[in-house]
Amino acid sequence: MTRTLNDDTVASDPVGISVSHRLLAMLEPELLDPPLLDRLIPSRIQRRQFWMTRIPEQLMHGDSRAALVVQRQPLLVAAYTDELDCVVQLRFPESFQPPMALEVGTRLLTVNVYADINNGVAPDLTLGERHFRRYGNFTPYIADFLSASTSAIARRIASISEDEWERCSTLADAWRRKSGGRARDGRPTRSFIPA
């Protein structure tokens with residue numbers, strides 16, 4: 001059973017990886033080297049502290065699923081969840097240099113946490129017929145872009161069924177046709193915000 005963070009249960013497929021501050025700085029430089037003003041304002045300090053706890057916690061305990069590169073310029077990745085049986089498309093900043101070579105179709109790993117369905121379904125999600133009716137949104141982190149635990153990531157990617165990869169690809173194609181180019185911001189502090 002998959003649950004959100006800060007719950008007494010764990011994800012059905014946690015990958016148990018740690019965050020790389022070097023890689024995190026490539027996506028979210030202000031978290032590790034905040035502007036002077038951010039270093040002085042208590043609310044901004046608390047925000048940074050929240051994310052510097054949340055990101056490693058999600059990578060360690062979140063639900064790991066299939067993700068696919070769907071476009072290189074700009075970089076777009078489809079992140080799948082079996083809980084909602086859907087994907088979201090994540091767009092990464094043009095300035096971001098992925099830590100590996102990517103092609104359309106490259107298999108990646110998303111690590112997800114979920115929001116209760118009682119809060120409603122995020123407007124950019126189309127729940128698939130296989131969804132479990134427990135959650136209405138999810139926050140995907142692309143593990144390959146945030147962790148140097150490449151062996152653990154590769155093992156988990158290899159263990160994902162071909163059916164899940166095919167489902168991710170099919171849903172990614174449907175998203176692209178329907179979305180009109182919309183995508184969520186792929187940075188960890190923004191990937192829960194609907195496109």
Checklist line | Apart from Leu76 itself, residues in the same hydrophobic cluster as defined by side-chain heavy atoms under 4.5 Å | finding: Val70

Check: Which is it for Ile55 and Tyr141 under the side-chain contact (heavy atoms from CB on, under 4.5 Å) test, yes or no, and what are the steps along the way?
Finding: CA-CA 8 Å; Ile55 293 167; Tyr141 290 174; 3.7 Å; yes

Notebook entry, point to check: Do Thr139 and Tyr114 have side-chain N/O donor and acceptor atoms under 3.5 Å apart?
Noted result: no

Checklist line | Donor-acceptor side-chain pairing of Tyr80 and Asn112 below 3.5 angstrom | finding: no

Mark yes or no for whether [X], through its side chain, and [Y], through its backbone, hold a donor-acceptor pair below 3.5 Å.
{"X": "Asn137", "Y": "Phe192", "value": "yes"}
{"X": "Ser147", "Y": "Ser18", "value": "yes"}
{"X": "Thr106", "Y": "Leu102", "value": "no"}
{"X": "Arg91", "Y": "Asp185", "value": "no"}

Closest heavy-atom contact between [X] and [Y]?
{"X": "Gly128", "Y": "Arg167", "value": "CA-NH2, 4.3 Å"}
{"X": "Gly186", "Y": "Phe92", "value": "O-CE2, 3.3 Å"}
{"X": "Thr110", "Y": "Ala66", "value": "CG2-O, 3.5 Å"}
{"X": "Ser191", "Y": "Pro140", "value": "OG-O, 2.9 Å"}
{"X": "Ala67", "Y": "Ala79", "value": "CB-CA, 4.2 Å"}

Check: Looking at Ser20, Pro98, Pro188, which one forms a side chain to side chain contact (heavy atoms under 4.5 Å, CB included) with Phe145?
Finding: Pro98

Margin query: Among Val111, Ile142, Ile17, exactly one meets side chain to side chain contact (heavy atoms under 4.5 Å, CB included) together with Ile153. Which residue is that?
Written below: Ile17

Next item on the list: With sequence neighbours left out, write down each residue that passes side chain to side chain donor-acceptor pair (under 3.5 Å) with Gln49, or none if nothing qualifies.
Entry: none

Next item on the list: Applying side-chain contact (heavy atoms from CB on, under 4.5 Å), run through Gln71 and Val69 and close with a yes or a no.
Entry: CA-CA 6 Å; Gln71 184 175 305; Val69 174; 6.0 Å; no

Check: Rounded to the nearest 0.5 Å, how far apart are CZ of Arg182 and CG of Asp124?
Finding: 6.5 Å

Close side-chain approach of [X] and [Y], heavy atoms under 4.5 Å:
{"X": "Phe138", "Y": "Val88", "value": "yes"}
{"X": "Leu90", "Y": "Arg187", "value": "no"}
{"X": "Thr126", "Y": "Cys86", "value": "no"}
{"X": "Met100", "Y": "Thr150", "value": "no"}

Salt-bridge present ([X], [Y]; N to O < 4.0 Å):
{"X": "Arg65", "Y": "Asp13", "value": "yes"}
{"X": "Arg190", "Y": "Glu28", "value": "yes"}
{"X": "Arg130", "Y": "Asp82", "value": "no"}
{"X": "Glu94", "Y": "Arg72", "value": "no"}
{"X": "Arg156", "Y": "Asp144", "value": "no"}
{"X": "Asp116", "Y": "Arg134", "value": "no"}

Margin query: Quick check: is Leu146 connected to Phe96 through a chain of hydrophobic side chains (ILVMFWY, heavy atoms under 4.5 Å apart)?
Written below: yes

Check: Do Leu108 and Met60 share a hydrophobic cluster, counting only Ile, Leu, Val, Met, Phe, Trp and Tyr and linking them when any side-chain heavy atoms are less than 4.5 Å apart?
Finding: no

Next item on the list: Test side-chain contact (heavy atoms from CB on, under 4.5 Å) on Trp165 and Glu162 and set out the steps.
Entry: CA-CA 5 Å; Trp165 291 111; Glu162 286 302 316; 4.1 Å; yes

Next item on the list: With side-chain contact (heavy atoms from CB on, under 4.5 Å) as the test, would you mind laying out the steps for Gln89 and Val87 before giving the verdict?
Entry: CA-CA 7 Å; Gln89 191 161 272; Val87 298; over 6 Å; no

